[in-house]
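Each remark here refers to the structure printed beneath this line.
Within every chain, numbering begins at 1; the chains are lettered A, B, ... in the order of the sequence lines, protein sequences first and strands thereafter. All values reported here derive from a predicted model rather than from experimental measurement.
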Protein chains: 2
Amino acid sequence: MPRLRDVPTTAAPTLEDVAARARVSTATVSRTLNTPSMVSAATRERVMAAVEALGYAPNFGARAMAAKRTNTFGAIIPTMENAIFARGLQAFQEELGHNGITLLVASSSYDPALEEEQIRALVARGADALLLIGHDRTEAAYELLDRRRIPYLAAWVHDPASVRLSIGFDNRAAMQALADKVLGLGHRHLGAITAPRAHNDRARARFEGIEAAMRARGLDTARLQVEEMAYSIENGAEAFRRLMARAPRPTAVLCGNDVFAAGALMAAREMGLSVPGDVSVTGFDDIELAGIVTPALTTVHVPHREMGRRAAQMLVALCAGADPGPSVKLETTITCRTSLRPPPGTACHQTFT
Amino acid sequence: MPRLRDVPTTAAPTLEDVAARARVSTATVSRTLNTPSMVSAATRERVMAAVEALGYAPNFGARAMAAKRTNTFGAIIPTMENAIFARGLQAFQEELGHNGITLLVASSSYDPALEEEQIRALVARGADALLLIGHDRTEAAYELLDRRRIPYLAAWVHDPASVRLSIGFDNRAAMQALADKVLGLGHRHLGAITAPRAHNDRARARFEGIEAAMRARGLDTARLQVEEMAYSIENGAEAFRRLMARAPRPTAVLCGNDVFAAGALMAAREMGLSVPGDVSVTGFDDIELAGIVTPALTTVHVPHREMGRRAAQMLVALCAGADPGPSVKLETTITCRTSLRPPPGTACHQTFT
DNA sequence: GTATGCAATGTAAGCCATTACATTCATCGG
DNA sequence: CCGATGAATGTAATGGCTTACATTGCATAC
C-alpha cells in the first residue's frame, strides 16, 4: 500500500517571517506586496524571493482588519440550481477578476429572510460591495446596507420607479412584447406559469406584462389561466399538466422562464401533445437549455453577459468613490425558435415568424 | 422622483460597543455569543438585547484571527458553467449547514495552476477544510495542504491506487460497464468524446473504461475514434460532427458526460441524423439535462447527492479530529433511456433494454 | 558647504474578537 | 463563623497586517 510522503508541518509563515528573511521591516514587505512602486527594485527582488521561498500568503482576516477593505465583492443570487444566473455571474466574476477582485457567491433560495442573513454574512466577511438580484427585499436588509454604506447594485431588473441603482431590463415590457406576439398569432386562450410573485419583482413584472398585452388588445385578463409554483423543471411539468386540464384549454402557455418551459415540453411529450402543433410554449431568459430542448424554445433573450460585465464595472466605480452613472436599462429581444406557432386550426398560409 | 430615506451612517458596531451597552466586559459578550451556557440567564438577556439593538455582527476577520478557525469550508470545483457539480455541491452545502458551517466555492476551469491559486486563496481566507475534485493536482498544492495540515477530501473519484482520502465512484469501471453494454448491442464502430485527459483523472479513467471494455471483448482499441475537447455543449456538437465525418463512421458515440451528449444530439439533429436510429449516443453523470433532451439520454447515473452529503460528514469528522473512516466507494448504475439502441441493420426482435 | 527635498525604509499604533488567567462573591460544610 | 469551592465575570495578551508618521540618507540647488 502506498504511503504519504512526510511533509514537515509548518505554521503559516507571516509577514514577519518574510521580513526577517529579506532583512527588511514588515512595512516594506507589505508595501512590496501592495504598492510595489514605493519600493526600490533591489529590495523588491529580495522580498519577493523570500515570499517565494516561504510560500507566504497573506492572512486574509488580518489584512481585512487592518486595511478595512478586502478586494472581495459578494453576490447573492436566488438559486444556483439552474443556469439562470450562471452566465451573468460568470461575466461578473471575470470582469471583477480583471480588477483584482474576488467574488463570493451565496444563494437565498428566493427567501427574503435568508437573503438578509446572507447579506449579513457577506458583510461580516468584509465584502466591499454586493450584487443583488431585483429590488424585493426586507427593510432590514436595506437598512443594514445603507447604515454600513456598503455599495450595492440590483441586477436583472430595470424599474423606472425605483431610486436604487440597478442594471437590467424591463421584465414587464419584455414579457409584454412576447405575449403580444403570441396574441398576434391568434392565440386567445393563454396559460401562464409563474414563480411565486410575493417576494419576486421579476416574476411579478413578467406576469403583469402578459396582462398588459391582453388589455392592450381589449382582452379580459380573467381569461388568463395561471399556475404559480417555484421554479423547477418538475414544477413546470406539473403546472403544464394542470393548465391542460383547465377549460377552456390554453393554446399557448407562457412560462416565467426557460426552466419552466423545459418542464412544460416534457409534460407535453408525456401527454402525447405536440408542441407547437397542439399547444405553443414560450420561455424567458434564453439560457443554453432553450436551444437544446425539442422543440427549441421561442423565448426572451436577455444579454446576460453584458449585464454581468457592466454590473461589475458599476460596482467597481462605486467602490472607488467614482460616479457609476445612472441605472442602466438593457434591451431584450425575442428569439424565435420553433415552440411557438399559431393555434391549431389557423389557416396555414398565415405568417408566423 | 423618489428619494432615498436618510439613514444615519454608523461604523460597524464592535464587541466593545455591545459590551458598553450591556454594561459587561467584552469577554462576557463573546461568551454569550459562543458559549451561552457559561453566562447567567439575566446577563445573557441583557447582552442579546444590546446585540439586537445595535445590529451587531461579529467581524469575521477578527474572529478568524483570534479563534484560529472559521467554521468555513471551501470547495473548488472545475466549473460552475454547467450542472455537473451542482447537485453534489448543493447536498454538500446543506449538510455543512446542519453543522453550522459555511461553504465558500471557487472554480478552477480545469486548470491545475488556477486550482492551486484557489486553494491558496481559500486557505488564506481561513477555510478549515477543503473539498476538491479528483486527484490530479500540482505537487505544490498537495504540499501546501499537508504543510498547513488542512483537512481535505477528493470527491467524484475512487481510485484504489491513491492514498489520499476520497469519496466517489470508479469512473473507469462505470464507463466500462456502459461501453460493454453498447458493445453487447452489437456496435463495433465506436466514437468517444472526451474532455482533455492531461490533468483530469476522471476523464482519463472514463476513457480507459471504454478501451478496457473493447479489450475484454477482444477488439482492437485502435478502432475507437476519439475526439478530445473541453466540456461544453458546442464542443460536443463539434466533436460529433467530426466523428461522423470519419471512416468508418461510428454507430455509437460515447460521451464523457451528459453535456457533450446533449451537444452531440443537437449536431445530429442539424445533420438530419436520427438518434438512436442512425447512431446511438450515451452520456455520463445523469444530470437533469439527460432526461430533458430528445431523445432522452442513456447514461451513467451517479449518486451525486449522497456523495455530497457524505463528503460533508467525512470532512466534519476530520476537522473534529475524529476518524472519518476510509475512502468511500459509491456505486453507479446505468440509466437506460432512449438514446441507445443496436446499430442500424440489426434484426428488430433483438432485445436491447 | 549647507539647506532643501524626496525617495526609501523603519517604528509602532491600531483593527476586533477570543481566551488563559485573575478576580469576585455567594454558598456550603464543618 | 471560616475557609473551600465554584459559578460568573473581568483583565489583558494575542493574532497578522496596514499605514500614519518618523527617520535616514542622498542628490540637488544655491
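- A straight line from CE of A:M38 to P of D:dT19 spans 10 Å, rounded to a whole angstrom.
- The rotation axes computed at either terminus of the helix from C:dG1-D:dC30 to C:dG30-D:dC1 lie 40° apart, taking five pairs at each end and rounding to 10 degrees.
- In this structure, the CG atom of B:L15 is 14 Å from the C1' atom of D:dG10, given to the nearest Å.
- Between B:R44 atom CZ and D:dA7 atom C1' the separation is 13 Å, expressed in whole Å.
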Evaluate the ring pair (Phe, Tyr, Trp, His ring centres under 6.0 Å) criterion for residues A:H135 and A:W156: first the C-alpha distance (whole Å), next the side-chain angles of each, then the deciding distance (0.1 Å), finally the verdict.
CA-CA 9 Å; A:H135 285 303; A:W156 263 259; over 10 Å; no

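- Between B:S40 and the phosphate of D:dT9, there is a side-chain N or O to OP1/OP2 separation shorter than 4.0 Å.
- Residue A:H158 qualifies as enclosed at atom NE2: its count of foreign heavy atoms under 6.0 Å is above 12.
- A close approach under 4.0 Å does occur between a side-chain nitrogen or oxygen of A:T28 and OP1 or OP2 of C:dG10.
- Note on B:E94 versus B:R305: salt bridge recorded, some NZ/NE/NH1/NH2 to OD/OE distance being below 4.0 Å.
- Annotation: cation-pi pair A:R164/A:Y142 present, NZ/CZ under 6.0 Å from the ring centroid and within 45° of its normal.
- A salt bridge is absent between B:E95 and B:R309; no separation between the charged side-chain nitrogens and carboxylate oxygens falls under 4.0 Å.
- Between the side chain of A:R31 and the base of C:dG10, a donor-acceptor pair under 3.5 Å is found.
- Between B:N34 and C:dT18, a side-chain N or O to OP1/OP2 separation shorter than 4.0 Å is present.
- Residues A:E116 and A:T138 bring a donor and an acceptor atom of their side chains to less than 3.5 Å of each other.
- Residue B:T26 places none of its side-chain N or O atoms closer than 4.0 Å to OP1 or OP2 of C:dA17.
- What separates NZ of B:K68 from P of C:dT18 is a distance of 14 Å, to the nearest Å.
- With DNA chain D read from its 5' end, the first of the two nearest nucleotides for B:V24 and B:M65 is the one closest to B:V24.
- Atom P of nucleotide D:dC17 and atom CG of A:L54 are separated by 11 Å, given to the nearest angstrom.
- To the nearest angstrom, P of C:dG14 lies 18 Å from CG of B:N59.
- Atom C1' of nucleotide C:dA17 and atom CZ of A:R125 are separated by 15 Å, given to the nearest angstrom.
- The side chain of B:S25 places an N or O atom within less than 4.0 Å of a non-bridging phosphate oxygen (OP1 or OP2) of D:dG10.
- Across the protein-nucleic acid pair, A:F60 atom CZ and D:dG15 atom C1' stand 16 Å apart, rounded to whole Å.
- Heavy atoms of A:V39 sit under 4.0 angstrom from primed sugar atoms or phosphate atoms, though from no base atom.
- Of the candidate nucleotides C:dA8, C:dA12, D:dT9, C:dA12 has the atom lying nearest to any side-chain atom of A:A27.
- An OP1 or OP2 oxygen of D:dC17 is reached within less than 4.0 angstrom by a side-chain nitrogen or oxygen of A:Y56.
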From CA spacing to verdict: side-chain contact (heavy atoms from CB on, under 4.5 Å), A:L96, A:T102:
CA-CA 7 Å; A:L96 290 185; A:T102 309; over 6 Å; no

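- Close to C:dT18, at under 4.0 Å from its OP1 or OP2, lies a side-chain N or O of B:R63.
- Counting non-hydrogen atoms under 4.0 angstrom, A:T14 reaches the backbone sugars and phosphates but no base.
- Judged by distance alone, the side chains of B:R125 and A:T72 do bring a donor and an acceptor atom under 3.5 Å apart.
- For B:A62 and B:R23, each mapped to the nucleotide of DNA chain D holding its nearest heavy atom, the one lying further toward the 5' end belongs to B:R23.
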